[in-house]
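Whatever order the structure lists ligands and atoms in, that order sets their numbers, starting from 1.
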Amino acid sequence: MQRACFAKTPPACTHDALARAHTYLGMHMTNPGPAKIPATLIPGDGVGPEITESVVAILDALGSPFAWDVQEGGNAAVAKVGDPLPPPLLDSIRRTRLALKGPLTTPVGGGFRSVNVRLREEFKLYANVRPARTIIPGGRYDDIDIVLIRENLEGLYVGFEHYIPIDGDPHAAAISSGVNTRAGSRRIAEYAFDYAVRKGRKKVTIVHKANVLKALTGIFLDTARDVAKRYEGRVAHDDRIVDACAMQLVLNPWQFDMIVTTNLFGDILSDEIAGLVGGLGMAPGGNIGEGAAIFEAVHGSAPDIAGKGIANPTALLLAAAMMLDHVGKTGEADRMRDAINRALNEDNVRTGDLGGKATTKEYTQAILRRLA
Ligand code: NAD
């Protein structure tokens with residue numbers, strides 16, 4: 001397993017990291033920085049390694065506060081050790097409690113449970129934070145600024161599924177059970193309202209389907225409403241049925257400030273919201289829990305463009321900016337967001353998904369120039 005930048009050897013590692021970043025711009029070495037925060041880096045599958053390389057170079061140019069422990073997961077780990085989440089990866093996150101993760105492919109067949117769901121369960125990452133903000137003006141929607149908070153451990157993602165055989169057909173019927181608990185609903189609602197207070201947001205919309213799934217999402221709605229009462233006067237709230245919310249997001253997304261919702265609805269609505277700000281290449285996410293915090297792009301491994309050097313690294317970059325915020329390095333996070341903004345809007349350097357022609361490397365170099 002490749003390991004980089006252990007906290008025990010900061011001078012050499014810092015030096016290496018800076019050298020890598022400067023190779024992008026053909027610059028020479030500067031002084032090593034201060035002590036680093038141990039963090040796990042999982043390049044992941046498909047476009048993962050390409051976008052991770054870009055993110056590490058940009059973080060290094062900012063004087064990255066992270067000492068990376070690089071770990072393999074997903075397909076690469078299946079090929080080597082037969083497990084997409086091998087023990088060294090899990091041990092690393094147990095130690096660092098902080099990770100930046102490229103997309104991981106869950107192998108189809110072979111009885112593998114979703115790699116991402118396993119990671120969330122392992123580290124009790126109950127809050128999935130997905131902010132979406134317009135960076136490139138002039139698209140279908142301008143001035144979007146919505147934060148979706150998704151419950152990450154319960155609902156229909158608990159994996160209680162089975163088939164019922166009928167008349168010799170072993171898969172004649174499929175059954176899936178969802179579980180939402182009072183405690184889990186309270187925890188995510190409190191997270192959402194606390195986040196609103198912390199970040200100065202105005203309103204939280206509770207999204208549910210309690211008109212049909214009366215028990216499963218009724219408990220979520222009732223509990224979240226109770227929590228909302230405790231924040232009255234500080235954070236406004238309302239609620240929406242998920243289908244109406246999906247339509248309203250297309251018709252008038254500006255009415256939404258924050259959304260808190262259950263696992264499956266959050267998964268779907270956050271992709272829809274990503275579409276309002278330019279697509280999956282622009283959507284970051286953080287998985288926050290008591291055991292750890294793992295930051296990632298909302299998108300998957302994009303196998304259709306993997307290896308072509310054209311993937312948009314912005315989503316993972318914005319996830320890295322969230323990670324910088326998380327460790328209190330808000331100045332570095334703001335500098336990164338500003339450099340992304342300038343590269344996209346002033347230099348007009350954009351990857352194909354945003355209508356441009358730049359490769360991942362050319363776009364990375366444009367951001368690095370803005371940081372130089
Ligand atoms: P995907 O997000 O990988 O791709 C959907 C579309 O968006 C594709 O056309 C792709 O080319 C495009 N796209 C995605 N990221 C892009 C980027 N950075 N730049 C430019 N275009 C980009 O979704 P999928 O194809 O349904 O899933 C592929 C694999 O990823 C599956 O195995 C799935 O399980 C996995 N996945 C992982 C995660 C994760 O690790 N968090 C999330 C979603 C899907």
Side-chain angles (χ1 to χ4, degrees), residues 40-55 58 71-79 84-85 89 93 99-110 112-123 125 128-130 132 135-136 148 150 152-153 157 159 263-264 266-275 277-288 293-320 322-323 340 344 349-364 367:
T40 305
L41 180 68
I42 306 162
D45 292 314
V47 295
E50 301 161 46
I51 57 176
T52 303
E53 189 183 344
S54 159
V55 173
I58 289 163
Q71 293 289 336
E72 252 173 14
N75 276 340
V78 171
L85 279 183
L89 182 153
I93 301 177
L100 183 67
K101 171 187 149 308
L104 293 175
T105 300
T106 300
V108 177
F112 292 105
R113 190 129 193 265
S114 162
V115 183
N116 295 299
V117 172
R118 266 180 68 197
L119 258 184
R120 290 168 199 153
E121 287 177 353
E122 179 72 32
F123 294 102
L125 306 172
N128 188 195
V129 182
R130 294 186 162 183
I135 298 181
I136 302 175
L148 183 139
R150 162 190 175 194
N152 224 10
L153 296 176
Y157 282 52
N263 209 335
L264 178 62
D267 197 4
I268 297 167
L269 291 181
S270 59
D271 269 31
E272 183 183 357
I273 293 169
V277 297
L280 285 172
M282 305 298 282
N287 299 282
I288 315 292
I294 301 181
F295 296 87
E296 63 181 347
V298 168
H299 65 73
S301 52
D304 51 335
I305 58 167
K308 295 184 178 163
I310 57 169
N312 183 357
T314 308
L316 194 64
L317 279 167
L318 294 173
M322 290 174 75
M323 185 166 164
I340 291 169
L344 289 170
V349 180
R350 298 177 188 174
T351 47
D353 58 311
L354 300 177
K357 289 200 164 59
T359 62
T360 312
K361 278 212 158 73
E362 287 162 350
Y363 174 59
T364 306
I367 296 172

Protein neighbours of ligand 1 with a heavy atom under 4.0 Å, given by chain and number, are Lys101, Pro103, Leu104, Thr105, Thr106, Asn116, Leu280, Glu296, Val298, His299, Gly300, Ser301, Ala302, Pro303, Asp304, Ile305, Ala311, Asn312, Asp353
Distance-only side-chain donor-acceptor flag, Thr105 / Ser301, under 3.5 Å = yes
Residues at least two apart in sequence or cross-chain that pass side chain to side chain donor-acceptor pair (under 3.5 Å) with Asn116, listed by chain then number, are Lys101
Counting N and O atoms only, with roles assigned by atom type, does the side chain of Arg150 sit under 3.5 Å from a partner on the main chain of Asn128, one being a donor and the other an acceptor?
-> no
Would you please say whether a donor-acceptor pair under 3.5 Å links the side chains of Asp267 and Tyr157?
-> yes
Using side chain to side chain donor-acceptor pair (under 3.5 Å) as the criterion, list what pairs up with Thr40, not counting sequence neighbours.
-> Ser92, Thr96
Residues in salt bridge (charged side-chain N to carboxylate O under 4.0 Å, His left out) contact with Arg118, at least two apart in sequence or another chain = Asp83
